[in-house]
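Only one structure is covered here, and it is reproduced in the block below.
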There are 2 protein chains.
Amino acid sequence: MSLACSTCPVRDRAACSVLGEAEREELAKAGRTRKLAKGETLFTAGMSAASCATLLSGALKITSTDADGRERILSLVHPSGFVGEMFAPYMRHDVVALGDSELCVFSGPAFAEAIDRYPKLSQALLRRTQEDLFASRELLALTGNASAEQRVSGALLSISRAASDSPCHLASRFDLPISRGELADMLGLTIETVSRMLTRFEREGAIRRDGKRGIELVDPALLPLS
Amino acid sequence: MSLACSTCPVRDRAACSVLGEAEREELAKAGRTRKLAKGETLFTAGMSAASCATLLSGALKITSTDADGRERILSLVHPSGFVGEMFAPYMRHDVVALGDSELCVFSGPAFAEAIDRYPKLSQALLRRTQEDLFASRELLALTGNASAEQRVSGALLSISRAASDSPCHLASRFDLPISRGELADMLGLTIETVSRMLTRFEREGAIRRDGKRGIELVDPALLPLS
DNA sequence: CGTTCAAATTGCTGTGCCGCAATCCACAAA
DNA sequence: TTTGTGGATTGCGGCACAGCAATTTGAACG
């Protein structure tokens, strides 16, 4: 199935936005849209098909499962984000939909060919991959030797920043895109500890909670490590 | 100072190896060699010059320092590895030499121009950056919710793999490239804990230590998580 | 409006790692 | 040889987080 790029919700933010109209329509012929329901799996670690995709709407998580069966969230993917393997013959991590999502999927070889044909596309992906790399290292730094308090507050600030329009501005009111359990998996903590930290922050007047997912930053300066 | 690519030790492994002889010599005019002594700093987080480099010999660490002044190692860089910022106006992390090292340094804009001119170069960098991204996520998974025992054994196996010729084969005898303290910083542990785990592994017969850096894998199956 | 069930919260107890401090060890210089 | 020095090891006490269990919350449904 061919895609209607003209109505694509991430038309001007995705990697393919660096292409001209004609080039983009040409690329679209190699891809197809796919819808995922919440919790549905896009890729499984070890699966042998090289494949990749741009996220159009919804949200994804990239995870790995350790020997004990515990899941670790390695990255969150937001609309216009890119996931998958163009070169490697197998998937290295699991990719699962956090909520109902829509994607633009390409086969690995087809996308590799597109990269050959359109130098701008590989540059755009390089930039995006470098951003992902730094995001991963930020998370690594955050979960490294920080206390639970610092991790949760760091995650709150990071999510708040992602929720606002500009990446250097905090949204004072936002919804957590993930559950307590998922937040815990991402920070290397337990559900209970995350919950306790949020309770502490609220008691200290730094935040206010609105329902299970809603967060209001009352006084960000009270959060550790700011 | 111009470079003699013909004598470059990573001539056929670095990103620029995808270029033809003529193109490579052309690129070399934009770069210069630089030697770093052990412990010397190449980039400091926040510094405002966009710059990047290929490591020719030695080893580097990419680190971040948190609010408490504790250092966290985010990545190790081996010869033919690439570091720095081509696009962002400032450095995001510190880059320090682990031992005496030699680099091929480019200014950010000059390298960005080279990427524009040589599509193959941006593809090679894309591939390399994706590898770095997965390495970062592997480390994230390792340090996530694993016990100190699992982290140290995971690091031993990973380093052993890196020390052997093939990436899927374990070297039974190798030297740790970093000190206890650096290993601890990388795993989010303390020097003492790393030391205790190594002592435990030796007492259980899994490894034998030879001096401060030497490690012999006697029975890898005894290491947790294998 | 009540019912239902998963998710979140809270309390309690155990423990694994940290942090400090005292050695110990290997190596180098005198 | 002695002395010095930096890293590594070991012991010990404290605390932050994990793990379990009971309870509460709140969102979706009939």
Side-chain angles (χ1 to χ4, degrees), chain A residues 37-39 61 66 68-73 98-100 142-156 175-204 207-216 224-225, chain B residues 38-39 61 66-73 98-99 142-156 175-204 207-215 224-225:
Chain A
K38 171 175 174 161
K61 61 179 175 181
D66 63 21
D68 314 338
R70 272 192 67 127
E71 174 180 292
R72 181 77 208 264
I73 296 186
L98 284 169
D100 294 352
L142 180 62
T143 62
N145 26 32
S147 67
E149 206 176 25
Q150 291 171 320
R151 295 187 207 194
V152 175
S153 94
L156 285 183
D175 284 324
L176 294 174
I178 52 181
S179 71
R180 298 285 186 278
E182 287 162 335
L183 192 52
D185 286 338
M186 197 166 127
L187 297 174
L189 300 169
T190 58
I191 295 180
E192 297 92 323
T193 300
V194 170
S195 182
R196 279 186 264 261
M197 292 306 135
L198 290 176
T199 303
R200 180 187 300 180
F201 293 157
E202 185 168 38
R203 192 173 52 235
E204 291 170 348
I207 67 171
R208 192 157 32 188
R209 283 181 287 183
D210 178 18
K212 299 210 172 201
R213 297 293 183 95
I215 297 283
E216 184 183 348
L225 158 144
Chain B
K38 171 176 173 161
K61 61 178 175 182
D66 63 21
D68 314 338
R70 270 194 68 131
E71 174 181 292
R72 181 79 210 263
I73 296 185
L98 284 169
L142 180 63
T143 62
N145 27 31
S147 67
E149 207 176 26
Q150 291 171 319
R151 295 188 207 194
V152 176
S153 94
L156 285 183
D175 284 325
L176 294 174
I178 53 181
S179 70
R180 298 284 186 278
E182 287 162 336
L183 193 51
D185 286 338
M186 200 167 122
L187 297 175
L189 300 170
T190 58
I191 295 179
E192 298 93 322
T193 301
V194 170
S195 181
R196 279 185 264 261
M197 293 305 132
L198 291 177
T199 302
R200 180 186 301 178
F201 292 157
E202 185 168 38
R203 191 173 54 236
E204 291 170 349
I207 67 171
R208 192 158 33 190
R209 284 181 286 183
D210 178 19
K212 302 209 173 207
R213 297 292 182 93
I215 297 283
L225 157 144

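Hydrogens, waters and symmetry mates are skipped; everything else that's a heavy atom, side chains included, is used. Note that the structure is predicted; figures quoted are calculated from it, not measured. All chains are named by letter (A, B, ...) in the order of the sequence lines, taking the proteins before the strands, and each is independently numbered beginning at 1.
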Next on the checklist: Restricting to salt bridge (charged side-chain N to carboxylate O under 4.0 Å, His left out), what partner residues turn up for B:Arg213, sequence neighbours left out?
Outcome noted: none
Item to check | Set of residues satisfying side chain to side chain donor-acceptor pair (under 3.5 Å) with respect to A:Glu149, sequence neighbours excluded | outcome: A:Arg200
Item to check | Polar pair under 3.5 Å, donor/acceptor by atom type, side chain A:Lys212, base C:dA7 | outcome: yes
Taking C-beta and beyond as the side chain, do [X] and [Y] meet within less than 4.5 Å on heavy atoms?
X: B:Leu187; Y: B:Met197; result: no
X: A:Lys38; Y: A:Leu98; result: no
X: B:Arg209; Y: B:Thr199; result: yes
X: B:Leu176; Y: B:Leu156; result: yes
X: A:Val152; Y: A:Thr193; result: no

Next on the checklist: On DNA chain D, does the nearest nucleotide to A:Glu149 precede the nearest nucleotide to B:Ser179 from the 5' side, or the other way round? Give the residue.
Outcome noted: B:Ser179
Checklist entry - Just checking B:Arg209: base, sugar-phosphate only, or nothing, at a heavy-atom cut-off of under 4.0 Å? => result sugar-phosphate
Checklist entry - If you look at every strand shown and take non-hydrogen atoms under 4.0 Å, does A:Gly211 touch a base, only sugar-phosphate, or nothing? => result sugar-phosphate
Next on the checklist: Among residues at least two apart in sequence or on other chains, which ones pass side-chain contact (heavy atoms from CB on, under 4.5 Å) with B:Arg208?
Outcome noted: B:Glu202, B:Glu216, B:Val218
Checklist entry - Got a sec? Which of residues 188-198 of chain B come in under 4.0 Å of DNA chain C, heavy atoms? => result B:Gly188, B:Leu189, B:Thr190, B:Glu192, B:Thr193, B:Arg196
Checklist entry - If you take all heavy atoms of A:Ser153 and A:Pro224, which pair is closest and at what distance? => result OG-O, 3.0 Å
Item to check | Residue pair A:Ala148 / A:Leu189: nearest heavy atoms and the distance that separates them | outcome: CB-CD2, 3.9 Å
Item to check | Partner of A:Asp185 by side chain to side chain contact (heavy atoms under 4.5 Å, CB included), out of A:Lys61, A:Arg72, A:Arg70, A:Arg180 | outcome: A:Arg70
Next on the checklist: If the cut-off is 4.0 Å, is B:Arg70 near the phosphate of C:dG19, judged by side-chain N/O to OP1 or OP2?
Outcome noted: yes
Rounding to a whole Å, what distance do you find between [X]:[atom1] and [N]:[atom2]?
X: A:Glu202; N: C:dA8; atom1: CD; atom2: P; value: 15 Å
X: B:Arg180; N: C:dC25; atom1: CZ; atom2: P; value: 15 Å
X: B:Arg151; N: C:dC17; atom1: CZ; atom2: C1'; value: 10 Å
X: A:Phe201; N: C:dT9; atom1: CZ; atom2: P; value: 13 Å
X: B:Gln150; N: C:dC17; atom1: CD; atom2: C1'; value: 14 Å
X: A:Lys38; N: C:dA6; atom1: NZ; atom2: P; value: 13 Å

Checklist outcome for this item: Min and max contacting nt of DNA chain D in 5' to 3' order, chain B heavy atoms within under 4.0 angstrom, are D:dG6 to D:dC12
Item to check | Axis bend over the full length of the helix from C:dC1-D:dG30 to C:dA30-D:dT1, computed from five pairs that close each end, to 10 degrees | outcome: 40°
